[in-house]
Amino acid sequence: MGDPLQGGDPIFIGGIDFGVVALVVLKVLIGFTFVMVGVIFMIWFERKLIADMQNRIGPNRAGKWGLLQTLADGIKLIFKEDLMPNKADRLVFRLAPYLTVAPAFLTFTIVPIGGLFGTGENGTIEVFGYRTFVQVADPPIGVLFLLAMSSVAVYGVMLAGWSSGSKYPLLGSVRASAQMVSYEAALGLSVVAVVLLTGSLSTHDIVSAQSGGFADWNIWRTGVVPFLVFCIAATAELNRPPFDLVEAEQELVGGFHTEYSSMRFGMFYLAEFMNTITMSAIIVTLFLGGPDGPSLFGPDIIWPTIWFMGKLFIFLFTFVWLRATLPRFRYDQLMDLGWKRLIPLSLAWLLVIGAIRIADDEGWNVALVIGISLASCVVGALALVGASRAGRIRRRAEEALR
Amino acid sequence: MSELLRAYLTVVVFLAAAGMLVGVSLGMGRLLRPKRPSAQKAMTYESGVDPVGSIFGQSQVRYYIFALLFVMFDVEAVFIFPWALGLEVYGVFGLVEMTIFIVILALGLLYAWRKGVLRWV
């Protein structure tokens, strides 16, 4: 696995010459195209699928099956007049779309989208005589980079709402930031479980530690719970249904981007779908082995990418499915789920995994350790449930007295 | 350029590409779109009626409390990640220390819970 602080895209080993720079630019172009095509597809896919689920036809005019609908929308938005409210903070109002799009893009850089792992090649391919990972970049602190970027995304939302100088966007953005920071805590804690198992923060190492086949995927090795917590927290982090209180139309009009119009609004729209794709890709990378999967026929090198796309597609479909199925949470339910359920659960799970790893290392009886730690988790959970029920009964009694 | 920073070279190039995408599409919009400002259009949106008062009215203090709680958990991550990276290095000692640390932290959360801070009214 190598030195965890080394990072280690082999492309930079021989120093930086013209070829390396050209290859870096090529990788950026490929990654960029991947994200953009993905977004264009995703917007169409979401509208079409939701239409199917609601027994409508959906986009069907622009191109075959309405495939060019997103482009048509983009062209329309560019030709629209751009309005800026007179009470807006003009500089921040202009800056906010950049702050929203940039993290959405940057998170994608750490996702490995192909390459054969578990063989001598260890996820590298050879291009023009240079060996390189099939991911845009592999910073040594990959997972922290992910968390950092999702923090920066809060700034974009917060500043967009604040700088509009309007009531609804401000309310929407305050709500959004409280929701995003709350679930970021749960998101971070569930990732620690993966880091515990891998011993590295680099996404490349995390994927290559899962390359031993289906049973080696982190979803099983971490015991499913962190995966579920991560998925829920990611949905909330993306402000997607059922956690889309940010744009609860009945209360807040359009949420934090109410005052945005024209292409500036288009940028927020783009970032939203880009975030959906990136977050699905991150889930696949952290928990489902990334591009791991058997090669069936033909050249081996294309299969990892096909597997990656397949897994990615399952999550994209699920996000749309959730939107079509579940009603929106109430704000207090949302906060309860985050702070009273997910955070204690992931904290406890973290310790369980740590204890199991240490037991394994020290040669203790692993089954006994698992039993004891799970039992103490259950006891703790029961105590919490009991305490909160007692509190509720007391509160009700007080209210009855009043 | 140091070894450590090289890995970020690509990230920086990617950031430039992202910035360019926003810049170019907004710039293109500026060239193509009409511009006919009027006092009505520059008004802030308030469901179709004239906006009343300033936007900086009083807001719930709860959002602020949740932000404080978040800071607690985010600072905690600073300690948990290094432990997770060096799990074998710190061994049993690290596990016990971390358990104590997390229990103290959980007590903090429990205190907030007990105080009714987490209850949204």
Side-chain angles (χ1 to χ4, degrees), chain A residues 4 7 9 12 24-25 27-28 31-32 78-83 85-87 97-98 101-102 105-106 109 136-140 144 165-168 170 174 178 181-182 185 188 192 195-196 199 201 253 258-259 262-264 267 331-332 335 339-340 343-344 347 351 354-355 357-358 361-362, chain B residues 1 3-4 6-11 13-15 17-19 21-22 25-26 28-30 32-36 41-47 51 55 57 59 62-63 66-67 69-70 73-74 77 80-81 84-88 91-92 94-95 98-99 102 105-106 109 113-114 118-121:
Chain A
D9 195 336
F12 295 122
V24 163
V25 172
K27 271 164 82 168
V28 166
F32 192 78
I78 280 188
F79 281 100
K80 289 291 172 188
E81 185 174 2
D82 189 48
L83 304 174
N86 49 12
K87 287 183 186 159
Y98 289 91
V101 172
F105 257 108
L106 284 189
T109 54
V136 179
D138 182 36
L144 291 182
S166 180
K167 286 172 196 157
Y168 292 119
L170 183 67
V174 167
V181 298
S182 295
V192 177
V195 177
L196 269 176
L201 290 168
V253 191
T258 304
E259 293 289 358
S262 182
M263 207 51 203
R264 265 192 251 269
M267 284 300 132
Y331 206 82
D332 60 324
M335 285 305 192
W339 287 100
K340 297 184 182 173
I343 289 180
L347 275 179
L351 285 179
R357 292 272 303 182
I358 294 289
D361 223 38
E362 303 274 322
Chain B
M1 200 186 294
E3 292 261 325
L4 196 67
R6 275 185 198 161
Y8 296 95
L9 174 68
T10 334
V11 178
V13 179
F14 209 72
L15 179 66
L21 170 82
V22 184
S25 47
L26 289 183
M28 238 164 76
R30 167 165 281 188
L32 294 173
R33 71 192 170 214
K35 191 166 167 57
R36 300 190 192 84
K41 283 181 189 167
M43 231 184 250
T44 51
Y45 181 79
E46 211 163 298
S47 307
I55 63 155
S59 171
R62 295 198 172 270
Y63 293 111
F66 275 100
L69 274 176
F70 165 69
F73 275 91
D74 219 31
I80 287 188
F81 272 102
L85 278 178
L87 186 71
E88 276 85 9
V92 184
L95 181 67
M98 194 38 77
T99 312
I102 286 183
L105 197 80
L109 182 64
W113 191 336
R114 192 79 179 80
L118 299 183
R119 208 156 60 85
W120 198 273
V121 217

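Chain letters run A, B, ... following the sequence lines, proteins first, then strands; residues in each count from 1. The shown structure was predicted, so the numbers you read here are calculated from the model rather than taken from an experiment.
- Atom CD1 of Ile343(A) sits about 9.5 Å away from atom CZ of Phe70(B), to the nearest 0.5 Å.
- We find the OG1-NZ distance between Thr44(B) and Lys87(A) to be 4.5 Å, quoted to the nearest 0.5 Å.
- Contact annotation for Asp361(A): only side-chain heavy atoms (C-beta onward) come within less than 4.5 Å of a heavy atom of chain B.
- The heavy-atom pair separating Asp82(A) from Ser262(A) by the smallest distance is OD1-CB, 3.6 Å.
- Heavy-atom distances place both the backbone and the side chain of Lys167(A) under 4.5 Å from chain B.
- The greatest number of non-hydrogen atom pairs below 4.5 Å with chain A, out of Ala106(B), Pro51(B), Gly86(B), Ala18(B), is found for Ala18(B).
- Here Val11(B) is the residue among Leu105(B), Asp74(B), Val11(B) with the most heavy-atom pairs under 4.5 Å with chain A.
- Here the closest heavy-atom approach between residue Tyr98(A) and residue Gly19(B) is recorded as CE2-O, 3.8 Å.
- Looking at Leu15(B) and Phe105(A), their side chains never come closer than 4.5 Å, going by heavy atoms from C-beta outward.
- When the candidates Gly165(A), Ala102(A), Ala355(A) are compared by the number of heavy-atom contacts under 4.5 Å with chain B, Gly165(A) comes out ahead.
- Most heavy-atom pairs under 4.5 Å with chain A: of the set Met43(B), Glu88(B), Met28(B), this distinction falls to Glu88(B).
- In terms of heavy-atom pairs under 4.5 Å with chain A, the best-connected choice from Arg36(B), Lys35(B), Arg30(B) is Arg36(B).
- Using a 4.5 Å cut-off between heavy atoms, Phe32(A) touches chain B through backbone and side chain atoms alike.
- Of the atoms belonging to Ala77(B), not a single heavy atom falls under 4.5 Å from chain A.
- For chain B, the nearby parts of Leu196(A) are the backbone and the side chain; heavy atoms of each come within less than 4.5 Å.
- Taking the six-membered ring where the residue is Trp, Trp339(A) and Phe66(B) present tilted rings, their angle falling between 30° and 60°.
- If you measure heavy-atom distances from Glu259(A) to chain B, the contacts under 4.5 Å come from the side chain alone.
- Comparing Phe73(B), Tyr63(B), Tyr8(B) by how many heavy-atom pairs each has under 4.5 Å with chain A, the most go to Tyr63(B).
- For the atom pair Leu69(B) CG and Leu109(B) CG, the distance stands at 7.0 Å (nearest 0.5 Å).
- Here the closest heavy-atom approach between residue Leu95(B) and residue Leu351(A) is recorded as CD1-O, 4.4 Å.
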